[in-house]
Every structure is written in structure tokens, then in C-alpha cells.
Amino acid sequence: MGNSLTPHVSHLTDSKKGTFISFEGIEGSGKSTQARLLYEYLEGKGFEVILTEEPGGTQIGLKIREILLSLEYREISSMTELLLYNASRFQHIQEVILPAIQRGAIVITDRFSDSTVAYQGYGRGIDLNLIDSLDRISTKNLRPDITILLDVDVEIGLKRNRGIQKTDRLELEDIEFHKKVRKGYFEIAAKESERIKVISASESIEAIHSQIISLVTKMIETWKR
Ligand code: TMP
């Protein structure tokens with residue numbers, strides 16, 4: 001590899017060697033594009049990188065994703081929704097994320113636990129302590145090393161997604177729901193400012209990508225010391 005981004009593992013326990021990066025944001029924040037660009041960048045540097053998503057990331061997760069996002073199941077209860085996101089996550093952790101991290105890979109996930117806090121907690125109003133307890137089980141207490149939170153105005157984000165014909169069950173919630181989700185993300189970011197880096201999604205794709213590279217590089221460099 002021979003580049004300045006060689007992952008260093010001294011801060012990690014024996015059971016964890018790799019790097020875990022999550023992307024978060026409301027609808028239309030551009031996180032999927034940025035996750036892919038970071039994946040391509042790191043892969044180009046010679047790292048083993050895995051790009052994955054939630055809900056999804058495994059065969060079972062993809063089935064769960066279909067149920068969660070389908071317009072057919074609009075009667076789904078908030079609690080069923082919460083449990084399904086967690087079910088998808090547990091499978092994802094078990095089958096994909098932990099094995100990759102244990103062998104030293106970089107895992108980039110498009111959404112993770114913060115989405116549940118923002119959408120089911122702040123959006124739906126489910127008790128945050130309950131969400132936290134479930135999360136500890138479904139993640140086996142694994143937290144991302146860094147989370148990139150792309151922030152965009154709710155109206156702009158929704159308009160962007162409708163422009164690309166992306167309309168799933170959660171996107172069709174009213175604007176107030178999405179405003180609560182965005183506020184939730186701000187609150188999570190304020191509580192965990194070390195881990196969560198907020199980036200404004202209103203700049204160009206290239207400018208945002210550069211900011212992300214610089215944050216991720218800095219994080220890896222800090223660990224080397
Ligand atoms: P997306 O990955 O295409 O953004 O779609 C996933 C949708 O699921 C999005 O509306 C956010 C929502 N979601 C939750 O409500 N809770 C979660 O825990 C996750 C991972 C996603």
C-alpha cells in the first residue's frame with residue numbers, strides 16, 4: 001500500500017482491527033453518493049473496503065428492506081418497524097460487518113444505528129432508552145469510529161429524491177416527520193461530537209467528497225500516533 005492512509009490498529013482491542021465508517025442524513029442528503037465516492041477512493045489506495053447499507057447488507061436484510069420500504073405495508077406499526085430495522089442490523093453485524101472489521105477491512109455503511117434514533121426515536125417518538133437497549137443487542141455494542149452526517153434542508157432533500165423518482169414508505173411521511181428526524185440528527189451530533197462530523201450537503205459533490213477524505217484521513221492519522 002505504502003500510502004499515508006495505512007490503517008493503524010493500536011487503539012483497538014484484539015477483537016477489532018478494522019475501521020468502521022457510517023454515513024447518515026435525511027432523505028436526499030447525498031449520503032449514498034458520498035459513501036460510494038469514499039469507497040472508490042479508499043479502494044483505489046489499496047485497502048480492503050466494503051460498501052454496505054441499512055436496512056439491507058445481507059440477503060435477509062434485503063428482504064427486510066423490501067418490507068420496510070414497500071408502499072404495500074403502510075399499516076406497519078412503529079414497534080414492528082423498529083424491530084425490523086434492528087433485525088436487519090443484527091444479521092448485518094453478524095454476517096458482514098464484524099467479520100470484515102475483525103480481518104482488518106474498512107467497512108463503510110450507508111446508514112446505521114443513528115438512523116434508528118433519528119427516525120424511530122425523534123421521528124416516531126419511540127422511547128430513546130428502549131431504542132438504546134435494543135441497539136446494544138443488535139450491534140453487539142459496535143459503534144462506528146466515525147460518522148459522516150450530511151445535512152440538508154428538508155424541502156431541498158425531498159425535492160432532490162423525488163427528482164430521481166425515489167419514493168419509499170418513509171419518504172412519503174409528511175414534512176413535519178422529516179423535520180423531526182433532522183432535528184434528531186442534530187441532537188445526536190451534539191451529544192457525540194467526537195464521532196459524528198456534520199457536513200453541509202449544499203456544496204458540490206466534489207467539495208463534499210474532499211472534506212470527507214480529509215476527515216477520514218485525519219482520523220486514521222490520529223490513530224497512528
Ligand atoms: P435509504 O437507505 O434509501 O435512505 O432508505 C432507508 C429508509 O429507511 C430511509 O427512509 C430511512 C429509513 N430508516 C429508518 O427509519 N430507520 C433505520 O434504522 C434505518 C437504517 C433506515
Side-chain angles (χ1 to χ4, degrees), residues 20-36 38-39 51-58 60-74 76-93 95-97 107-128 130-139 142-144 147-152 154-185 187-188 196 201:
F20 187 27
I21 303 171
S22 66
F23 278 79
E24 294 284 354
I26 62 164
E27 319 297 323
S29 57
K31 62 183 174 44
S32 307
T33 304
Q34 292 299 336
R36 186 179 40 76
L38 180 64
Y39 166 80
L51 177 61
T52 185
E53 66 170 357
E54 287 203 1
T58 64
I60 292 170
L62 286 172
K63 285 276 173 208
I64 296 174
R65 181 181 178 92
E66 268 175 48
I67 298 172
L68 279 165
L69 302 187
S70 166
L71 296 181
E72 252 181 82
Y73 308 122
R74 296 195 83 165
I76 199 165
S77 80
S78 297
M79 194 53 68
T80 307
E81 187 181 274
L82 171 67
L83 293 169
L84 285 175
Y85 279 114
N86 275 278
S88 168
R89 186 160 305 135
F90 187 84
Q91 191 67 27
H92 196 199
I93 280 277
E95 210 180 301
V96 177
I97 300 177
V107 175
I108 301 174
T109 183
D110 182 348
R111 296 196 182 281
F112 195 61
S113 302
D114 298 318
S115 284
T116 313
V117 178
Y119 283 79
Q120 281 63 53
Y122 287 89
R124 301 273 188 237
I126 298 179
D127 178 50
L128 294 177
L130 169 63
I131 291 181
D132 187 54
S133 306
L134 280 171
D135 190 65
R136 285 170 196 279
I137 299 169
S138 50
T139 62
L142 184 76
R143 283 262 147 274
T147 295
I148 308 292
L149 171 56
L150 289 170
D151 180 55
V152 69
V154 170
E155 281 90 351
I156 296 175
L158 288 174
K159 214 184 213 166
R160 271 194 200 165
N161 268 10
R162 300 218 165 115
I164 56 167
Q165 255 98 55
K166 192 175 170 290
T167 42
D168 58 44
R169 190 176 56 82
L170 278 100
E171 273 186 71
L172 294 180
E173 287 291 336
D174 63 23
I175 208 116
E176 286 315 310
F177 174 81
H178 293 285
K179 284 188 175 160
K180 283 191 237 165
V181 173
R182 185 180 184 211
K183 184 167 169 276
Y185 271 131
E187 294 200 11
I188 306 167
I196 304 178

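Order of appearance sets the numbers: ligands from 1, and atoms from 1 within every ligand.
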Describe, in one word, how the ring planes of Y119 and F177 are oriented to each other, choosing from parallel (under 30°), tilted (30 to 60°) and perpendicular (over 60°).
tilted

D110 to ligand 1: N or O pair under 3.5 Å?
no

Looking at E173 and R124, is any side-chain nitrogen of the basic one under 4.0 Å from a carboxylate oxygen of the acidic one?
yes

Less than 3.5 Å apart, any donor N or O on the side chain of E24 or S115 sitting next to an acceptor on the other?
yes

Does L69 have a heavy atom less than 4.0 Å from any atom of ligand 1?
yes

Ligand 1 atoms in contact with E54 (distance to a heavy atom under 4.0 Å):
2 (O), 20 (C)

Residues Y73 and R169: closest non-hydrogen pair is O-CD, 3.6 Å

Atoms in ligand 1 flagged as close to L170, the criterion being non-hydrogen separation under 4.0 Å:
10 (O), 15 (O)

Does a donor on one side chain sit under 3.5 Å from an acceptor on the other, for Y85 and R111?
no

Distance col, row L38:CG vs L51:CG, nearest 0.5 angstrom, shows 9.0 Å

Any salt bridge between K159 and E27, counting N to O under 4.0 Å?
no

Contact between R89 and ligand 1, counting heavy atoms under 4.0 Å?
yes

From atom 1 (P) of ligand 1, work out which of E81, R169, R111, H92 has a heavy atom at the shortest distance.
R111

Subset of ligand 1 atoms that lie under 4.0 Å from at least one heavy atom of T116
17 (C), 18 (O)

E53 to ligand 1, any heavy atom closer than 4.0 Å:
no

Could you say whether the N/O atoms of R65 and ligand 1 ever approach to under 3.5 Å?
yes

Under the criterion side chain to side chain contact (heavy atoms under 4.5 Å, CB included), which of V154, L149, I156, L150 is the partner of I26?
V154

Does any N or O of ligand 1 fall below 3.5 Å from an N or O anywhere on Y119, backbone included?
no

State if Q120 counts as touching ligand 1 under the rule of any non-hydrogen atom under 4.0 Å.
yes

